[in-house]
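Note sheet for the following structure.
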Number of protein chains: 2
Amino acid sequence: MPSKPAAPITIDAVYAAPGYLFRRMQQIAVSIFMEECKAFDLTPVQYAALIAIHTHPGIDATRLSAVIAFDRSTLGSVIERLQAKDYIERKPAPEDKRIKLLYLTKSGAAILREIIPAVERAQGRMLEPLKPGDRKALMGLLTQLVDLNNEASRVPLRAEDALEHLGKGG
Amino acid sequence: MPSKPAAPITIDAVYAAPGYLFRRMQQIAVSIFMEECKAFDLTPVQYAALIAIHTHPGIDATRLSAVIAFDRSTLGSVIERLQAKDYIERKPAPEDKRIKLLYLTKSGAAILREIIPAVERAQGRMLEPLKPGDRKALMGLLTQLVDLNNEASRVPLRAEDALEHLGKGG
DNA sequence: TGTTGATTGACAGTATACTGACGATCTGGG
DNA sequence: CCCAGATCGTCAGTATACTGTCAATCAACA
């Protein structure tokens, strides 16, 4: 079979391109998340940060950025906002003056418990239009693809490596 | 079968959530795009805008935002940057003083032709880790999902509706 | 015709996201 | 102990992305 002729330069080619679909799906996902969680005033990224700090108390910002695949420079402002809302606190590490350790406050742990159902509703809604079997298939393929492409984007450490010193290995 | 017990509040739940995977895949897609296209100094969004203007010469900003599923308020700065690079020009519409019509310049049309191969390389690389059959399956499911979820995010007009007045119906 | 309501482009404000750079600090080799 | 290199948090600069608002303009109806 001959290779397809060069596609015409047209917006329709964009609609069928993976990059466009990923951007669009990310927009939709954020939109659904914000809708379900608007009572809590937490963004998806702030939520992920809270969960990660809850899972790894005393983590520092650089390792946190690896755990949630989040740029180190952006993380500073996210942490600031979470701190301003009194959901986390930062304590200097005694043995290394560069590092500030992150912990959930009581408020932070509380809001996390409260927001979980809304987050799960949101995650469910994102896939709702698909048939159950297709949802599974899509998640499987996406998980695979993200895993195999992991090093394509700037994430300084793999999550597992980042956490070695915390002694949380499973 | 009993419903699963409530998942523990853990970062692992985030890794398996659709929202996380979509965000991650979008990061990866942008990263690959920028890598392949770094010689051209064009972002994915700027590229999509150029293609759309090429496909619909004389489109206005509001309709353009619908065509590429792009927020109207953000589009202003994107247009400014494309104009600063001399890739597009804006002409006032004679019959409606509110509207400015968008056209590609010669430079814009030229860079579009040149960048296409790099863009196609990038799109290919995003899916490369999957087996060919899985690529097709993923694209099919994603296309379906984005289409069915289209109204979940703030896109004021469906692309087809937005273009009625341009008489480009196929 | 005059006024109401919708539309357009623009702007302010907030929140990701990335590059590149910086000072403070730690670590290892000599 | 001293210094070179690495790491940490931070910052400046740029580019999306969204909400909400505004003045100018247009369209439609009383």
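Nothing here was measured: the structure is a model prediction, and the numbers come from that model. Heavy-atom basis, side chains included; hydrogens, waters and symmetry copies ignored. The chains referred to below are lettered A, B, ... by the order of the sequence lines, with proteins before strands, and numbering in each begins at 1.
- Taking atom CZ on A/Arg98 and atom P on C/dT27, their separation rounds to 7 Å, with Å as the unit.
- Rounded to an integer number of Å, the gap from CZ of B/Phe33 to C1' of C/dA17 is 16 Å.
- Looking only at atom types and distance, the side chain of A/Thr10 has no donor-acceptor partner in the side chain of A/Asp12 under 3.5 Å away.
- Between the side chain of A/Ser73 and the base of C/dT19 there is at least one donor-acceptor pair of N/O atoms closer than 3.5 Å.
- We find that CG of B/Asp71 is positioned 14 Å from P of C/dT8, with the value rounded to whole Å.
- Looking at the side chain of A/Lys97, the nearest of the listed nucleotides C/dC26, C/dA17, D/dT16 is C/dC26.
- Ranked by how close their nearest DNA chain D nucleotide is to the 5' end, A/Ile28 and A/Ala61 are led by A/Ala61.
- Residue contacts for A/Thr43: at a heavy-atom cut-off of 4.0 Å it reaches the sugar-phosphate backbone alone, with no base atom in range.
- Looking at the side chain of A/Gln27, the nearest of the listed nucleotides C/dG9, D/dA15, D/dA17 is D/dA17.
- Nearest to the side-chain atoms of A/Arg90 among the listed nucleotides D/dA17, C/dT16, D/dT10 stands D/dT10.
- For A/Val45, taking side-chain heavy atoms from C-beta onward, the closest of the listed nucleotides D/dT16, C/dT16, D/dC8 is C/dT16.
- Rounded to whole Å, the distance from CD1 on B/Ile68 to C1' on D/dA17 is 12 Å.
- Taking side-chain N and O atoms only, B/Gln26 has no distance below 4.0 Å to OP1 or OP2 of D/dT16.
- Comparing C/dT16, D/dG9, D/dC18 by their nearest atom to the side chain of A/Thr74 picks out C/dT16.
- Whole-Å rounding puts the A/Arg72 CZ to C/dC18 C1' distance at 13 Å.
- Heavy atoms only, all atoms of each residue included: A/Phe40 and A/Ala118 are closest at CE1-CB, 4.1 Å.
- Rounded to whole angstrom, the span from the CE atom of B/Met34 across to the P atom of D/dT14 amounts to 14 Å.
- The two atoms that bring B/Val67 and A/Tyr20 nearest to each other are O-OH, 4.2 Å, heavy atoms only.
- Taking both residues in full, the closest heavy atoms of A/Glu36 and A/Arg121 are given as OE1-NE, 2.9 Å, listed atom of the first, atom of the second, then distance.
- Heavy atoms of B/Val30 sit nowhere under 4.0 angstrom from any nucleic acid atom.
- A straight line from CZ of A/Arg81 to P of C/dG13 spans 16 Å, rounded to a whole angstrom.
- Mapped onto DNA chain C by nearest heavy atom, B/Glu80 and B/Asp96 fall at different nucleotides, with B/Asp96 at the one closer to the 5' end.
- Between the side chains of B/Arg24 and A/Asn150, at least one donor N or O lies within less than 3.5 Å of an accepting N or O.
- The distance between atom CD1 of B/Ile99 and atom C1' of C/dA6, rounded to the nearest whole Å, is 13 Å.
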